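As the structure is a prediction and not an experimental result, all values here were calculated from the model. Residues: numbered from 1 along the sequence shown.
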Amino acid sequence: MKMKKIFFYVILLLTLTCERSNRQAKIEEVNQESYIQALHLQNFFLKFAKDHLYKTVTIQLQKGISDKYQSIGSGFFINEEGYVLTCYHVVYGKKKLLISPYGNTKKYKAVVANEDKANDLALLKIDFEDNIHERFSFVQVPQERVLNYGHMYMAFGAPNGLKDSITTGIISHPLRNEVDESFPLNSYIQLSETVYPGSSGGLVLDLTGKLIGMMRFTYSSLESGASGPGFAIPFNVIYDFLQKQKDLVLLKNKALRGIVEIPFTTTYLAKK
């Protein structure tokens, strides 16, 4: 009888040991698979950032006659000729505008070519000196596309003057209005991340590289002292604005249908 008990406990111990080994092997297999997937995801984001950062710029002001510069907003190229899109409130009343493209040590003088105050859009043009023109990577602007809750994005800008910065998030609401008292009928894409001072005019892309919109402002509440989500001007508003610039801008974009900030808070937002 004693031998039977000993035999039973030996079998039980061996069974538990085998099960533990099998579980450990499965865990290690899952961990290895997760590690490989994480590396693929990391490599994807690295390549994505590398491919699109060159389409973005930081907008700066030259302070007097010195070599000091102040970052006031962000923007992105909409064609290879040096036209840049940003927010109207970033450049309003500003002189001595400078464009600082990512990965380029040069700073280019720029002038306001056109503007749309109602939609907070401004088109800048690089003023090339000595007739030496450069070519830039640019963003294609779709006329139509579908945005949904949870749509992932990557945004490019200069938060608090920290140029060439990127962040990721999701669309919290694809189209929300009545968040700007000055233009209550205007609709904006609600982002999960804050639009910090200096990021207005910044590029917002989905993970396929298609334009979602352009960062504009953050919903703020002075009563609670809290800063809420950021909002972006939708792609279709940008498309309509650029279509009106056809006589001014050569849009080398055959896929149009495919597809500082001074801290900006409206009176309505301040009351919320």
I need the minimum non-hydrogen distance between [X] and [Y], along with the two atoms involved.
X    : Y    : value
I99  : A110 : CG1-CB, 3.5 Å
L124 : V112 : CD2-CG2, 3.7 Å
G201 : C87  : N-SG, 3.5 Å
P234 : L175 : CG-CD1, 4.0 Å
G73  : V90  : CA-CG1, 3.8 Å
G230 : V195 : CA-CG2, 3.7 Å

Establish, yes or no, whether the cationic atom of K125 lies under 6.0 Å from the six-membered ring centre of Y83 and within 45° of the ring axis.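 Yes, a cation-pi geometry.
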same_hphob_cluster([X], [Y]) at 4.5 Å side-chain heavy-atom cutoff:
X    : Y    : result
L97  : V111 : no
Y54  : F44  : yes
L203 : L162 : no
V141 : L207 : yes
I166 : V204 : yes

side-chain contact (heavy atoms from CB on, under 4.5 Å) for I189 and L191? Distances and angles first, verdict last. CA-CA 6 Å; I189 299 167; L191 307 173; 4.1 Å; yes
Judged by atom type as modelled, is there a donor-acceptor pair below 3.5 Å linking the side chain of [X] to the main-chain atoms of [Y]?
X    : Y    : answer
N104 : K106 : yes
R145 : L211 : yes
S187 : N177 : no
T58  : Y102 : no
D120 : Y88  : yes

Quick one: sort the F128 and Y108 rings into parallel, tilted or perpendicular, breaks at 30° and 60°.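 Perpendicular, since the angle between the ring planes exceeds 60°.
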Going by the angle between their ring planes, with limits at 30° and 60°, are F231 and F217 parallel, tilted or perpendicular?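 Aromatic pair F231/F217 classed parallel.
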Measuring only between side-chain heavy atoms, which start at C-beta, is [X] closer than 4.5 Å to [Y]?
X    : Y    : answer
F138 : K55  : no
F48  : L205 : yes
K117 : H89  : no
V57  : F136 : no
L147 : F235 : yes

Sort out for me which residue in K68, K163, K107, Q70 forms a side chain to side chain donor-acceptor pair (under 3.5 Å) with Q60.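 In the set K68, K163, K107, Q70, the residue that makes a side chain to side chain donor-acceptor pair (under 3.5 Å) with Q60 is K107.
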Distance, nearest 0.5 Å, that separates [atom1] of [X] from [atom2] of [Y]:
X    : Y    : atom1 : atom2 : result
L98  : L61  : CG    : CG    : 7.5 Å
S165 : L53  : OG    : CG    : 9.5 Å
M215 : F76  : CE    : CZ    : 10.0 Å
I171 : Q190 : CD1   : CD    : 10.5 Å
K94  : I59  : NZ    : CD1   : 10.5 Å
N236 : Q243 : CG    : CD    : 12.0 Å

With side chain to side chain contact (heavy atoms under 4.5 Å, CB included) as the test, pick out the partner of F241 among N119, I78, D116, I233.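 Passing option: D116.
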For side-chain contact (heavy atoms from CB on, under 4.5 Å), just list the numbers for R135 and E81, CA-CA rounded to whole Å, side-chain angles, deciding distance to a tenth of an Å, and then say yes or no. CA-CA 6 Å; R135 295 292 179 263; E81 306 293 336; 3.6 Å; yes
Under 3.5 Å, which donor-acceptor pairs link side chains of residues 148-158 to any protein atom two or more places apart or in another chain?
{"from": "Y149", "atom 1": "OH", "to": "H173", "atom 2": "NE2", "distance (Å)": "3.2"}
{"from": "Y153", "atom 1": "OH", "to": "E193", "atom 2": "N", "distance (Å)": "3.2"}

For Q42, enumerate each residue passing the side chain to side chain contact (heavy atoms under 4.5 Å, CB included) test, keeping only those at least two apart in sequence or located in another chain.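 Once residues adjacent in sequence are excluded, the partners of Q42 under the side chain to side chain contact (heavy atoms under 4.5 Å, CB included) criterion are L39, L46.
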Could you please spell out the steps behind the side-chain contact (heavy atoms from CB on, under 4.5 Å) verdict for M214 and L121? CA-CA 10 Å; M214 183 173 71; L121 294 171; 3.2 Å; yes
